[in-house]
Amino acid sequence: MRDPQKLRSARWFGGPEYEALVRRAALRSEGLGPAGFEGKPVIGICNSWSELTHCNVHLRRVAEAVKRGVWAAGGVPLEFPTISLGELFMKPTTMLFRNLMAMDVEECITANPIDGVVLLSGCDKTTPAQLMGAASADLPTVMVTGGPQLSGHWGRKEIGSGTDGRLLFQEYRAGRLTDEQLAEVEGCIARSNGHCMVMGTASTMASMAESLGITLPGAAAIPAADARRFQLAEDAGRRIVDMVWEDLRPSKILTRAAFENAVRTDMAIGGSTNAVVHLLAIAGRAGVDLRLSDFDRLSRETPFLANIKPSGRYLMEDFYYAGGLPVVMKEILPLLDGSSLTANGRTIAENVADAACSNTDVIRPLDRPLNDEGGTAILYGNLAPDGAVIKQTAASPHLLQHRGKAVVFDRYEELRARIDDDGLEIDENSVLVLKHAGPTGGPGFPEWGHLPIPAKLLRQGIDDIVRISDARMSGTSFGTDVLHVSPEAAVGGPLAAVRTGDVIELDVPARRIQLLVEDNEILGRLAAYEPPPAPYRRGYGRLFLREVTQAHEGCDFRFLERLTEGEAAGAFDAERLP
């Protein structure tokens, strides 16, 4: 029923009151006559554009395409900015500010005369932050991600930002790459707008948005520079107007089944380990009881199909040309809930029914997977009682079952200062350990988990050893890195008790990470442990340290998770304000 009086925005602009008059006058001051906005859905375009976020710098043009679609469908587009999170530029880490951006997005949506919203995201944390905020606001929502960069080329070699950058810089540290060659790489590894063109966190979270059903189908992998990215944005602008009239809200899309679909899809594409913490946080906003153990259960049942770096050979352009995420989801459709509703009003099964693969080496068929299990495994043991994660498809097979002596660093600064010291007692069997890099210890859960291989080992031809931390790592990274150890060292987790020389056992097939030290000795060490002083005494940093949950809970603020029905009865409700 297209009743303009039932639009949320009518409470701002409708009626004879003085307040409505001045609000209408405010829109007229922007050049909109009454015929341009009265009785029409107001569509907010939530833009994370920023020149400090290079992945998102083209989103102004994407916004113009969305506006064309909104106008064509009979809506009124009003673009607004929020803070933006640039992965490469922000210190100490963008993850410190993901929750802040989510709050910004939620409050901008709920406080303004908006009937529906189009989210424009790209860089790693902008996508989950916007989804968290929109899930909390629960107005009709569709997301348009910015898309990956074009493939990099160095000579005759295709290279991907992040993954190949790390590999080549490792070669430089080992003395096998010259200064001039490194300068050439710098000039050609990122040659267009868009986010990393490997299956890093940005590509993964774009895929998660599509698999959750909050984007139009096929949205995740279109290159940022491809004209089809802007055509899809226009289509999203058209679609959001109908979603308003249909009252199709995130709460109808972000169901338990949708999150299980997303987790399975993440496993099939070999997605970033960061997807674990982001999906947990988004689920918390949606009121879905998603748990870390669910990731491992679904990973064991879902094969890995996408041959994309860092777990495979190809880049995101190749993935798109092979058919993209719809092909992956069609392959694993027997494992998905195909009846899950999506933003275009159709089900997952309907959306992927006609998907066809044009390169079965890039996207493998279900009966010929790259790995029988999914990309991420969840580990437990006395070192990680609440869990830890490892990207098993990007790890060295010979290290997936390993026992070695720990070489421990208490702080990241200490690691950076000493890792290339030729006097460091470490060999290929050692287990490199970093503490105090978790949500509170970092602070902010920085991407320090891809611990550097000591230069002296690189010169010996050793390019991987087991590495363990309570940090995250970039989705573009690779290697046998055990991450997100929970609870973290800074809150007295068992990682705080590890000392150089202790023996640690990793057994990924058994899903175990174990400190081989007597229980009484561990308890004694933890009793004597003193956490480092808090780095923030005021402002948002202090709020973050006080309220953030642990890695296995999504690192959101507990007070932002969706309230239960009983709790909500006494909560502040912005919709009841005059």
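Taking every heavy atom of both residues into account, Met95 and Cys555 meet most closely at CE-CB, 3.9 Å. Nearest heavy-atom pair across Ile453 and Arg173 is O-NH2, 2.9 Å. The two residues Glu447 and Asp124 make their nearest non-hydrogen contact at OE2-OD2, 4.0 Å. Scanning all heavy atoms of the two residues, the minimum distance from Leu232 to Ile222 falls at CD1-CD1, 4.1 Å.
Proximity of a side-chain donor or acceptor of Glu488 to a complementary backbone N or O of Gly441 within less than 3.5 Å is detected. Put simply, the side chain of Asp420 gets close to the backbone of Ala455: a donor and an acceptor are under 3.5 Å apart. With hydrogens and angles ignored, the 3.5 Å screen pairs no side-chain donor or acceptor of Thr94 with any backbone N or O of Met90. Here the side chain of His58 pairs a donor or acceptor atom with the backbone of Gly146 at under 3.5 angstrom. At least one donor-acceptor pair under 3.5 Å links the side chain of Glu210 to the backbone N or O of Ala220.
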| Step-by-step side-chain hydrogen bond (donor to acceptor under 3.5 Å, both in side chains) determination, Thr480 to Asp464 | CA-CA 7 Å; Thr480 313; Asp464 195 15; 2.7 Å; yes

| task | With side-chain hydrogen bond (donor to acceptor under 3.5 Å, both in side chains) as the test, would you mind laying out the steps for Ser151 and Glu317 before giving the verdict? | result | CA-CA 7 Å; Ser151 301; Glu317 259 191 276; 3.0 Å; yes

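Within the structure, the ring pair (Phe, Tyr, Trp, His ring centres under 6.0 Å) test picks out the following pairs touching residues 465-485 (sequence neighbours left out): Phe445-His484, His450-Phe478.
A cation-pi arrangement is absent between Arg512 and Tyr380 under the rule of less than 6.0 angstrom and at most 45 degrees off the ring axis.
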